[in-house]
Amino acid sequence: MADYEKYLVDGYYPTIGIECHVQLKTKTKLFAAVDNDARDAAPNSLVSHICFGMPGALPVLNKEALQLAMKAAFALNSVPQPFSKFDRKHYFYPDLPLGYQISQFDEPIVLGGHMDITVDGEALRVGITRAHLEADAGKSTHPAGKDYSLVDLNRAGTPLLEIVSEPEMHSAAEARAYVQELYLAMKYADVSDVDLYHGNMRFDVNVSVSKDPAKLGTRSETKNLNSFKSVEKAVDYEIKRQITLLEDGGEVVQETRGWVDDEQKTISQRTKENAHDYRYFPDPDLPPVVLEEETIRIVEESMPKAPGYYRSSFAELKLDSSQVETLLYEPRVAQYLDEFKQDTSAELARNLANLFSGPVQKLVIDGECNWSAVLDADWEGLTSLLTENKISSTGAKEVIPDMVKELKSAEDIANEKNLMQVSDTGAIEAIVDEVLAANPKPADDVRQGEMKAIGFLVGQVMKASQGKANPQMAKEIITKKLGV
Ligand code: MN
């Protein structure tokens, strides 16, 4: 089978490239000293002469945005370019008062890089073409039934990093895995709040299909997707739409499309302008960005650990890959677990990973507690009790809510709730003696070599101890006493 054949859909070979706009978590805008967080602000309250594009207003590059873009470069497995510059990208839009967007054209801050993804157990590398800094536009709204539109410039000038992938994905599942990995990379690098709901990361997917894997077909671009699921669905929809169109004798036109979530389909929005229509030229108001080697080195050294580091660290704990991904979703959880493993042991860390990705995760999702409170709790105490068989996993689940909410020691709560297992040999022996005396027939069966009866006897010991005997010890004592 030729390599591409696994991607064939009805004899067509799909190709996907993705552009992602990441909103950088700066305090102020890219070129103006105006608050960048417009989430709860009244329309047009976070604006200055620069956001309005007043004549003579001069932009000044926000150093923090540059710093975050440099960090993003390393997170994309690349390095910041020592020389980059800003260009004007011209288009007419009511929410773009300058008449152009300040972006980076031929000398972006990031060139090259890659994201490693895993799809159906298979490792793949998706190349990054480039990433550039640019200012966001404002927002237009069109009130229903009115003969006017509204413009809000709060978002105008917000710093974005546009990350462009190579057209190296070939299925909706790969596209989804790529955007998820990009999300994690930005989250761990701490360059964005990555709040998808508020559009902190917006994905544009370029999809084409071709019968000849060596030749790309005409592509459509579906813009402004803001969830992993919508990326997957839009890619899937476009692959099928284009194949159907071509099979019916039609032609795919190069155009911008939008995703209609209610109808789970893409619709045509406008035919794509070609690059030269933007009349790019260097912005004369902004000097080029020149980075010293030393500046780049300092950023590299300050980089937090990446998701890949934690994946390799957790491999030792022998968890399911879905468990690992659950733990990775919150960087501080991954970091906590990794440090916990170094301070204690892999055995305790494995117990903790099971608790975090199971019962604790459930408490957080149910809104019973948040991760900050969780990480202050006595996990070393609880995992020690589990590892030493002083508490059952069922018992541990009962300890967790109080342990997280009241920050008391695991052992104190287990004692209060009467959940400690009896691991005292003498105490268990006494119970075993009672059980054996009360159940002569099963005891005899075990003596005759009928080992099935042991389970029954252990069950009786558990019952007599109200579930608190350590079952493993009970079994050992029964076996010893019956001489088998
Ligand atoms: Mn852009």
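Ligands are counted one by one from 1 in listed order, and the atoms in each one are counted from 1 as well. Each residue takes its place number in the sequence, starting with 1. Side chains included, hydrogens not; waters and symmetry mates left out as well; all remaining heavy atoms used.
Residues in residues 196-213 take part in these salt bridge (charged side-chain N to carboxylate O under 4.0 Å, His left out) pairs, two or more places apart or across chains: D136-R202, D204-K223, K211-E247.
Among residues two or more places apart in sequence or in another chain, the side-chain hydrogen bond (donor to acceptor under 3.5 Å, both in side chains) test is passed with E293 by none. Annotation: ring-ring contact (aromatic ring centres under 6.0 Å, His included) contacts of Y237 (sequence neighbours excluded): none.
Not a single donor-acceptor pair under 3.5 Å links the side chain of D10 to the backbone N or O of T244. The closest donor-acceptor contact from the side chain of D285 to the backbone of P59 lies at 3.5 Å or more, if one exists at all.
Sorted by chain and number, the protein atoms of type N, O or S within less than 2.8 Å of the Mn ion (ligand 1) are H21 NE2, E134 OE2, E162 OE1.
The pair K305-D338 does not meet the salt-bridge criterion, since no charged nitrogen lies less than 4.0 angstrom from a carboxylate oxygen.
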